[in-house]
Amino acid sequence: MAKIVKRDNKYFVQFYGNGLLFEKYAGCDKTAAEKMCSEIDASLPEGAMSHHVPDQSLDVLLKQFQVAFHQQYSDATLKEFKEAYMSFCHYLRQLDTTITTLSGITPKIVDTYQTYLRKNHSSDEVNYQLFLLRALFDFAITQTFLNDNPLFHLRLLDLKPPYAIQQALLQDK
């Protein structure tokens with residue numbers, strides 16, 4: 001159920017949807033805020049307010065991904081996904097043994113993982129590993145294991161474009 005919150009002389013309507021807290025500015029008039037609140041309540045689908053994302057263990061994601069995509073990807077590609085994810089999980093165990101669920105993976109943790117990878121790998125390899133992880137976490141969102149992809153907030157390393165793309169860009173100028 002939506003609720004009205006007052007800060008200074010301004011009203012805001014807060015409500016949950018798909019496990020996330022949303023807030024809309026409703027102006028300085030309390031009756032307009034109450035109207036907006038009732039409109040939001042009426043517009044939300046049944047059960048959207050209480051949608052809870054289950055906290056899945058790190059092991060569940062890879063198993064589900066392999067089952068879902070065993071026909072779409074080759075065995076070699078699935079192996080690359082698995083190795084990238086296992087490497088990330090190994091890093092998590094070194095970093096903090098309390099992170100055992102997907103909800104524990106934050107953009108900050110992914111950022112430190114990127115820094116960790118840069119010490120021993122080229123920019124191309126780091127970006128590829130992060131690309132694989134991003135695909136896995138996108139899959140986690142489709143399975144409602146996560147609300148947000150922690151890699152979405154991460155900037156990839158600067159890369160030099162391939163020669164063919166460089167030439168095409170030069171011709172456009």
Side-chain angles (χ1 to χ4, degrees), residues 14-23 44-173:
Q14 290 183 342
F15 59 96
Y16 282 93
N18 294 332
L20 300 174
L21 176 65
F22 293 93
E23 184 172 274
L44 288 172
E46 188 69 31
M49 298 294 276
S50 62
H51 181 65
H52 174 70
V53 176
D55 203 8
Q56 294 291 335
S57 76
L58 295 174
D59 299 333
V60 170
L61 175 61
L62 187 60
K63 290 175 188 172
Q64 291 287 329
F65 184 83
Q66 288 177 319
V67 168
F69 291 101
H70 77 280
Q71 291 180 346
Q72 183 175 348
Y73 294 119
S74 69
D75 289 341
T77 302
L78 285 174
K79 183 180 176 189
E80 288 180 4
F81 276 111
K82 182 178 181 178
E83 288 174 356
Y85 190 68
M86 297 308 287
S87 175
F88 179 66
C89 289
H90 177 73
Y91 170 77
L92 290 177
R93 283 190 295 276
Q94 289 177 342
L95 181 69
D96 185 356
T97 58
T98 62
I99 300 173
T100 58
T101 60
L102 290 171
S103 65
I105 302 170
T106 63
K108 183 176 180 179
I109 289 172
V110 174
D111 185 50
T112 60
Y113 182 62
Q114 181 185 41
T115 304
Y116 168 79
L117 286 175
R118 289 179 72 178
K119 293 177 183 175
N120 298 318
H121 301 286
S122 69
S123 294
D124 288 333
E125 182 61 23
V126 171
N127 284 342
Y128 183 62
Q129 293 300 312
L130 296 176
F131 168 78
L132 294 173
L133 288 175
R134 186 172 182 170
L136 282 163
F137 291 133
D138 281 343
F139 173 75
I141 292 170
T142 67
Q143 300 300 299
T144 66
F145 295 164
L146 288 174
N147 278 332
D148 186 34
N149 189 331
L151 279 106
F152 178 75
H153 307 282
L154 186 68
R155 174 177 279 153
L156 295 177
L157 302 177
D158 291 332
L159 294 175
K160 184 177 175 184
Y163 180 76
I165 294 175
Q166 283 181 337
Q167 294 306 312
L169 291 173
L170 290 174
Q171 290 176 356
D172 288 343
K173 289 184 180 182

Pairwise side-chain contact, F131 with L151, heavy-atom cut-off 4.5 Å (strictly under):
no
Note, D138 side chain near R134 side chain (heavy atom, < 4.5 Å):
yes
CG of L130 to CD of E125, rounded to nearest 0.5 Å, is 10.0 Å
Measuring only between side-chain heavy atoms, which start at C-beta, is T112 closer than 4.5 Å to Y91?
yes
Measure across A84 and L132 and return the closest heavy-atom pair with its distance rounded to 0.1 Å.
CB-CD1, 3.8 Å
Between L62 and M86 the two heavy atoms that sit nearest each other are CD2-SD, 3.9 Å
In short, N149 meets I141 closest at the heavy-atom pair N-CD1, 3.4 Å
Would you compute the distance between atom CG of L78 and atom CD of Q71 and round it to the nearest 0.5 angstrom?
11.0 Å
Working to the nearest 0.5 angstrom, can you tell me the gap between I105 CD1 and D148 CG?
12.0 Å
Check: L102 and F137 side chains under 4.5 Å, non-hydrogen atoms:
yes
Calculate, to the nearest 0.5 Å, the distance between atoms CD1 and CG belonging to I109 and L95 respectively.
6.0 Å
Kindly compute the distance separating OG (S122) from CG (N127), expressed to the nearest 0.5 Å.
8.5 Å
Nearest 0.5 Å, what's the CD-CD distance between Q56 and Q143?
9.5 Å
Looking at every heavy atom in both F81 and A135, which two are closest together, and how far apart are they?
CE2-CB, 3.7 Å
Between L136 and L61, what is the shortest heavy-atom contact and its length?
O-CD1, 3.6 Å
Nearest heavy atoms of L117 and Q129, plus distance in Å:
CD1-CB, 4.1 Å
Please state whether the rings of Y85 and F88 are parallel, tilted or perpendicular, taking 30° and 60° as the class boundaries.
tilted
Does some side-chain heavy atom of Y116 sit less than 4.5 Å from a side-chain heavy atom of S87?
no
Taking the six-membered ring for Trp, are F69 and F139 closer than 6.0 Å centroid to centroid?
yes
Can you list every salt bridge (Lys or Arg N to Asp or Glu O under 4.0 Å) pair that touches residues 78-90, not counting sequence neighbours?
K79-E83
